[in-house]
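Predicted, not measured: the structure shown is a model, and the values here were computed from it.
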Amino acid sequence: MFYPISMTSSPHTPHPRAVSTAPHVSFAQTEQLHQLVGDWFIANARDLPWRRAECSAWGVMVSEFMLQQTPVKRVLPAWEEWMRRWPTPKDLAAEESAEAVRAWGRLGYPRRAQRLHAAAQAIVLEHHGDVPGTYEQLLALPGVGSYTAAAITSFAFGRRATVIDTNIRRVHARAISGKGLPNKSLNAAETRLAEALMPTDEQASCLWNAATMELGALVCTAKSPTCNICPIRHLCAWVAAGKPEAEYTPQGQSWHGTDRQLRGAMMAVLREAHHPIPKELITNFSPDIVAPKNLSAVVKSLRTLGSSQEQIQRCYEGLLADGLASEKDDLVSL
DNA sequence: GACCCGTGGCA
DNA sequence: TTGCCAAGGGT
């Protein structure tokens with residue numbers, strides 16, 4: 001992480017280069033937002049290991065993968081262990097993909113581990129083992145989308161990139177657009193707004209990215225934002241409008257009885273098994289199948305889901321198709 | 001754009 | 001307790 005410390009030494013000096021003006025926001029207001037949110041971040045940012053100056057680009061990249069839909073608190077220990085074990089892309093690339101998935105543990109969305117492993121191999125093959133430093137190069141890596149590419153560009157390399165994540169979108173929606181929540185999906189208007197708000201100065205842009213994200217994560221939260229401590233509450237369009245309700249209510253993610261629940265249970269069985277196991281251990285729930293001792297608990301929990309045989313088959317084949325599991329001679333493994 | 005992909009902390 | 005939802009990506 002590149003902390004633009006220079007901003008703290010002269011906090012009220014305007015940047016020499018012009019800042020784009022966003023719709024509904026004056027130049028002066030944009031400057032003020034940068035200053036207030038930046039100062040707030042410097043005073044209140046969490047001390048996360050991937051933000052420290054000594055953290056490698058690879059460390060930032062690993063954190064970004066893990067943080068895709070998984071909260072910071074659960075990522076912290078996993079990141080520490082991952083970096084201890086695989087401190088460079090080359091170290092991970094030399095491993096079996098299955099080992100990466102196993103080390104991913106219960107972070108969720110195990111395909112991220114698979115893609116991170118594939119990205120490490122691509123980095124070794126195409127970039128001499130060094131995490132590439134441009135948005136386009138990063139975007140070409142497996143599992144790296146527009147958010148992650150911009151985040152690594154900004155946080156690991158200190159280059160100007162427009163980072164747009166769910167936190168930043170929410171801050172923009174409220175502070176600028178006066179809405180309770182951003183649109184259901186990122187659209188062109190939101191992207192234009194984010195680009196227009198981005199400081200032209202490279203250092204300032206990195207601070208703005210990190211600071212806006214942190215503000216969304218700690219203060220301008222989805223559920224009950226703490227506007228009373230918000231550094232930009234007096235500029236916030238949403239507050240000024242009386243905090244109107246969002247135009248829609250996000251539909252909750254269903255879980256019980258879904259394929260995802262069953263896939264998760266199957267993945268737990270496979271992670272526990274450090275050797276290939278009989279296929280029917282997963283696909284056949286008849287109680288006379290005896291699991292190896294260390295698998296008993298997870299297999300039992302899998303059986304208690306009460307899934308139909310059709311659903312079991314569909315999910316199992318899905319795992320094979322996604323490359324999360326492989327089958328040979330009626331034995332399956334990660 | 002809609003949908004799918006895991007998991008667990010927290011109110 | 002039940003439901004929300006968290007630094008997204010891929011199809």
Side-chain angles (χ1 to χ4, degrees), chain A residues 1 41 45-46 48-51 59-79 101 104-116 118-119 138-156 161-171 181-188 194 209-218 220-226 246 248-271 298 301-302 305 311 314-315 318-319 321-325:
Chain A
M1 163 71 75
F41 179 81
R46 291 168 290 182
L48 303 174
W50 47 85
R51 283 180 176 165
V60 173
M61 179 169 165
V62 170
S63 81
E64 292 302 340
F65 269 73
M66 291 183 169
L67 288 164
Q68 291 169 3
Q69 301 288 282
T70 300
V72 167
K73 180 170 185 176
R74 290 176 48 212
V75 163
L76 278 168
W79 184 88
V101 173
W104 199 254
R106 304 186 68 81
L107 283 182
Y109 292 150
R111 48 177 57 175
R112 290 181 293 162
Q114 209 177 21
R115 289 170 180 159
L116 181 54
L138 288 162
L139 193 59
L141 296 173
V144 177
S146 57
Y147 161 75
T148 303
I152 297 172
T153 302
S154 180
F155 303 149
T162 305
V163 177
I164 307 177
D165 81 319
T166 184
N167 290 309
I168 289 174
R169 293 180 61 214
R170 190 170 53 249
V171 171
L181 289 175
N183 301 306
K184 289 182 182 179
S185 57
L186 179 62
N187 61 24
N209 282 329
T212 312
M213 198 179 312
E214 190 80 336
L215 186 66
L218 299 184
C220 193
T221 55
K223 217 170 184 180
S224 39
T226 48
Y248 66 96
T249 53
Q251 56 184 31
Q253 305 157 331
S254 59
W255 176 247
H256 291 288
T258 63
D259 283 11
R260 282 163 63 179
Q261 183 187 30
L262 182 55
R263 273 179 65 121
M266 289 179 172
M267 284 302 303
V269 172
L270 291 170
R271 273 197 310 270
V298 277
S301 71
L302 193 158
L305 293 179
Q311 187 183 18
R314 179 173 65 245
C315 289
L319 286 178
D322 289 345
L324 283 164

Taking for each residue the nucleotide of DNA chain B bearing the nearest heavy atom, is the 5' side occupied by N187(A) or by G264(A)?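 Looking at the nearest nucleotide for each, N187(A) comes out on the 5' side.
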Hey, which sits more toward the 5' end of DNA chain B by its nearest nucleotide, K184(A) or P110(A)?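 The 5'-side residue here is K184(A).
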On a whole-Å scale, what distance lies between the P atoms belonging to dA7(C) and dC4(B)?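 That atom pair is separated by 23 Å.
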Sticking with atom P, work out how far dG8(B) lies from dG9(C), rounded to a whole angstrom.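 Comparing P positions in dG8(B) and dG9(C) gives a spacing of 22 Å.
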Answer with base, sugar-phosphate or nothing: what part of the nucleic acid does [X] contact at a heavy-atom distance below 4.0 Å?
X	answer
I168(A)	nothing
Q261(A)	nothing
D259(A)	sugar-phosphate
R106(A)	sugar-phosphate
R271(A)	sugar-phosphate
A151(A)	nothing
S63(A)	nothing
G108(A)	base

Quick one: list whatever passes side-chain contact (heavy atoms from CB on, under 4.5 Å) with R271(A), sequence neighbours left out.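 So R271(A) forms a side-chain contact (heavy atoms from CB on, under 4.5 Å) with R106(A), M267(A), A268(A), L334(A).
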Partner set under side-chain contact (heavy atoms from CB on, under 4.5 Å) for R169(A), not counting sequence neighbours: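 For R169(A), the residues satisfying side-chain contact (heavy atoms from CB on, under 4.5 Å) (neighbours in sequence not counted) are I164(A), P182(A), N183(A), L186(A), E190(A).
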I need the [atom1]-[atom2] distance between [X] and [N], as an integer number of Å.
X	N	atom1	atom2	result
R314(A)	dC3(B)	CZ	C1'	14 Å
W255(A)	dG8(B)	CH2	P	9 Å
H256(A)	dG8(B)	NE2	P	13 Å
R260(A)	dC5(B)	CZ	C1'	6 Å
Q253(A)	dC5(B)	CD	P	12 Å
M267(A)	dG8(B)	CE	P	13 Å
L107(A)	dG8(B)	CG	P	9 Å
L305(A)	dG6(B)	CG	C1'	13 Å

Could you tell me whether R170(A) and D165(A) make a salt bridge, using a distance below 4.0 angstrom between a side-chain N and a carboxylate O?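 Salt bridge between R170(A) and D165(A), a charged N being under 4.0 Å from a carboxylate O: no.
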Quick check for you: name the first and last nucleotides of DNA chain C, 5' to 3', having an atom under 4.0 Å from a heavy atom of chain A.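 The footprint of chain A covers dC4(C) to dG10(C).
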For the atom pair [atom1] ([X]) and [atom2] ([Y]), what is the distance rounded to the nearest 0.5 Å?
X	Y	atom1	atom2	answer
T70(A)	Y109(A)	OG1	OH	8.0 Å
E214(A)	N209(A)	CD	CG	13.0 Å
T258(A)	Q253(A)	OG1	CD	10.5 Å

First encountered from the 5' end of DNA chain C, between Q251(A) and G143(A):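 Per heavy-atom nearest nucleotide, the more 5' residue is Q251(A).
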Give me the distances for all protein-to-nucleotides 9-11 of chain B N/O pairs that come in under 3.5 Å?
unit_1, atom_1, unit_2, atom_2, d
dC10(B), OP1, K73(A), NZ, 3.4

Should F65(A) and V75(A) count as side-chain neighbours, where that means a heavy-atom distance under 4.5 Å?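 Side chain of F65(A) against side chain of V75(A), heavy atoms only: no contact under 4.5 Å found.
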Would you say C220(A) and N167(A) make side-chain contact, with heavy atoms under 4.5 Å?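 Counting from C-beta outward, C220(A) and N167(A) never come under 4.5 Å.
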Does the side-chain contact (heavy atoms from CB on, under 4.5 Å) test come out yes or no for M213(A) and F155(A), once each step is laid out? CA-CA 12 Å; M213(A) 198 179 312; F155(A) 303 149; 3.5 Å; yes
Residues that R74(A) engages under salt bridge (charged side-chain N to carboxylate O under 4.0 Å, His left out), provided they are two or more places apart: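 With sequence neighbours excluded, R74(A) shows a salt bridge (charged side-chain N to carboxylate O under 4.0 Å, His left out) to no residue whatsoever.
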What donor-acceptor contacts under 3.5 angstrom involve side-chain atoms of residues 139-153 of chain A, with partners at least two apart or in another chain?
unit_1, atom_1, unit_2, atom_2, d
Y147(A), OH, E64(A), OE1, 2.7
T148(A), OG1, Q68(A), NE2, 2.9
T153(A), OG1, A149(A), O, 2.7

Distance test, side-chain N/O of T70(A) to OP1/OP2 of dT7(B), below 4.0 Å: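 False: T70(A) side-chain N/O out of range (4.0 Å or more) of dT7(B) OP1/OP2.
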